[in-house]
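Reading through the structure tokens given below for one structure.
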There are 2 protein chains.
Amino acid sequence: MRPLFHPSVEDVPVEAILHALSDPVRVAIFAEIVGQNCSHNCVAFSNVNQKSIPKSTLSQHFKILREAGLIRGERRGVEMYNTSRCAEIDKRFPGLIGAIVTAHNIQLADGARTTKAIKRKSVKRIAKNR
Amino acid sequence: MRPLFHPSVEDVPVEAILHALSDPVRVAIFAEIVGQNCSHNCVAFSNVNQKSIPKSTLSQHFKILREAGLIRGERRGVEMYNTSRCAEIDKRFPGLIGAIVTAHNIQLADGARTTKAIKRKSVKRIAKNR
DNA sequence: TTCAATAGTTCATAAATTCAGAACTAATGA
DNA sequence: TCATTAGTTCTGAATTTATGAACTATTGAA
């Protein structure tokens, strides 16, 4: 299996970072990894947000986080060890990751109200039904 | 013409904000509006990034920024007056907007290197060709 | 060794989003 | 009333994303 691709932080545009974190499943995964400041394998997340997510989908999510320079994935035996690359990103874009993770946590804490609208789709629906 | 929809900031999930700003044209527009801390009509942006963007597309972009609670659009005669809603958002998600706009500006300042990769698409291509 | 089990990737295609031209609406000023 | 300007909406095409199925890699046991 060929080694995973990890871009150097200078090659990652902010847009890619924002895009990677604009998905509810991916911010959740990333916030976990940052929070624990340690590893986590793919399967550990198979029910983020009370939903069971197919592993092909999860695999994609991790790939997007990796290619946005947000995490580093390292094979450890049969499973994957993921760590955040916060420190590196923070050098280039100070405060960015912190602010996003904080915002995510604030939203989590807000609870019920926002959990209903956590999918992008919902926002659009709200907007539409005005 | 029916009045524009502006969500209350509490109803906007972070994901929607990040998604809105994960597009190079939209961050550029938004950073401009924030930077000038004042208005700007649609057409003023018709060649953001040296590209001329069709007005139907621009209209969509503004709508997405509006529905993410990032800007307020107000009709002034025949044209649109757009202002940022930074202050409101900052109350709920402190530092978020600032960090993103700063990151955007850092990237702009970096110049040539990143401008080539400014489209999400490019990042993926870079990733693919490994 | 060989085999089964586990973790994750890749591939193919269906579903959802986004883009952009064309037709439309609204306000302004001649 | 008409032409002009600014912006929206509609619609089909192009692009992205999601996911089941098939595949690859590693481990541990027989």
Side-chain angles (χ1 to χ4, degrees), chain A residues 1-6 15-16 18-27 29 39-49 51-68 71-82 119-125 127-128 130, chain B residues 1-6 15-16 18-27 29 39-49 51-68 71-82 119-125 127-128 130:
Chain A
M1 216 171 239
R2 59 177 164 0
L4 300 171
F5 172 69
H6 293 97
E15 290 88 340
L18 300 182
H19 170 249
L21 298 177
S22 72
D23 178 279
V25 173
R26 287 193 300 258
V27 238
I29 292 173
S39 78
H40 259 311
N41 57 352
C42 230
V43 192
F45 293 101
S46 50
N47 39 17
V48 184
N49 288 341
K51 290 186 184 181
S52 97
I53 300 159
K55 62 182 190 161
S56 60
T57 305
L58 268 184
S59 181
Q60 278 307 311
H61 283 324
F62 275 87
K63 189 183 181 188
I64 288 168
L65 289 172
R66 237 167 22 232
E67 293 183 353
I71 62 174
R72 190 176 293 284
E74 192 190 338
R75 176 149 232 159
R76 291 259 174 113
V78 78
E79 62 191 41
M80 204 60 103
Y81 186 86
N82 295 290
K119 265 294 225 190
R120 254 191 270 146
K121 218 178 288 182
S122 317
V123 196
K124 292 186 182 166
R125 216 178 304 125
K128 234 164 238 166
R130 185 148 343 110
Chain B
M1 215 173 240
R2 61 177 162 2
L4 300 171
F5 171 70
H6 293 98
E15 290 88 339
L18 300 182
H19 170 249
L21 298 176
S22 72
D23 178 278
V25 174
R26 288 192 301 257
V27 237
I29 292 173
S39 78
H40 259 308
N41 57 353
C42 230
V43 193
F45 293 101
S46 50
N47 38 17
V48 184
N49 288 340
K51 291 186 184 181
S52 97
I53 299 160
K55 61 182 191 160
S56 60
T57 305
L58 267 184
S59 182
Q60 277 307 311
H61 283 324
F62 276 87
K63 189 182 181 189
I64 287 168
L65 289 172
R66 236 166 25 231
E67 292 184 353
I71 62 175
R72 189 175 294 283
E74 192 190 338
R75 176 148 232 161
R76 290 261 174 111
V78 79
E79 61 191 43
M80 204 60 102
Y81 186 84
N82 295 291
K119 265 296 228 187
R120 255 191 271 144
K121 220 177 286 184
S122 317
V123 197
K124 291 187 183 167
R125 217 178 304 125
K128 234 164 236 167
R130 187 149 344 110

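Each chain gets a letter, A, B and so on, in the order the sequences are listed, and its residues count up from 1. Note that the structure is predicted; figures quoted are calculated from it, not measured. Note: hydrogens, waters and symmetry copies are ignored here, and every other heavy atom, side chains too, is used.
- When the side-chain nitrogen and oxygen atoms of B/T57 are compared with OP1 and OP2 of C/dA20, one or more of them lie within a distance under 4.0 Å.
- Axis angle across the helix from C/dT1-D/dA30 to C/dA30-D/dT1, with five pairs used at each end and values rounded to 10°: 10°.
- Contact annotation: the side chain of A/F5 approaches that of A/E67 to within less than 4.5 Å [non-hydrogen atoms, C-beta and beyond].
- The interatomic distance linking A/F62 (CZ) with C/dG8 (P) rounds to 8 Å, in whole Å.
- The distance from atom CZ of A/R75 to atom P of D/dA25 is 9 Å, rounded to the nearest whole Å.
- For B/M80, whose side chain is taken as the heavy atoms from C-beta onward, the closest listed nucleotide among C/dA20, C/dG8, D/dT8 is D/dT8.
- Note on B/R66: a side-chain N or O is less than 4.0 Å away from OP1 or OP2 of D/dT8.
- Relative to the side chain of B/S56, the nucleotides C/dG21, D/dT17, C/dT18 differ in distance, and C/dG21 lies closest.
- Across the protein-nucleic acid pair, A/Y81 atom OH and D/dT26 atom P stand 19 Å apart, rounded to whole Å.
- The shortest non-hydrogen separation linking B/A20 to B/A68 is CB-CB, 3.7 Å.
- Considering only heavy atoms from C-beta on, A/L18 stays 4.5 Å or farther from B/D23 through its side chain.
- B/S59 has a side-chain polar atom (N or O) that falls below the 4.0 Å cut-off from OP1 or OP2 of D/dT8.
- Atoms CE and OG, from A/M80 and A/S59 in turn, are 7.5 Å apart once rounded to the nearest 0.5 Å.
- Of the two residues near DNA chain D, B/Q60 and A/G77, the one whose nearest nucleotide lies more 5' is B/Q60.
- At least one side-chain heavy atom of B/R66 sits less than 4.5 Å from a side-chain heavy atom of B/H6.
- Distance, B/H61 NE2 to D/dT9 C1': 16 Å, rounded to whole Å.
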Which atom pairs link the protein and nucleotides 3-6 of chain C when you take only N or O atoms and keep those under 3.5 Å?
none

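- Between B/R76 and B/E74 a salt bridge is recorded (basic side-chain N to carboxylate O distance below 4.0 Å).
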Test side chain to side chain contact (heavy atoms under 4.5 Å, CB included) applied to A/I71 and A/I29, step by step: CA-CA 10 Å; A/I71 62 174; A/I29 292 173; 6.0 Å; no
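- Rounded to an integer number of Å, the gap from CG of A/L4 to P of C/dG8 is 11 Å.
- The CD-P distance, from B/E74 to C/dA26, rounds to 19 Å in whole Å.
- The distance from atom CZ of A/R26 to atom CD1 of A/I64, rounded to the nearest 0.5 Å, is 4.0 Å.
- Of all heavy-atom pairs between B/S22 and A/E15, the closest is O-CB, 3.6 Å.
- Atom CG in A/N82 sits roughly 14 Å away from atom P in C/dA7 (whole-Å rounding).
- If you check D/dT9, D/dG20, C/dA7 against the side chain of A/K55, the one that comes closest is C/dA7.
- Summarising the geometry, the separation between CD on A/E67 and C1' on D/dT16 is reported as 14 Å, rounded to the nearest angstrom.
- Using a 4.5 Å cut-off on side-chain heavy atoms (C-beta onward), A/R72 and A/N82 make no contact.
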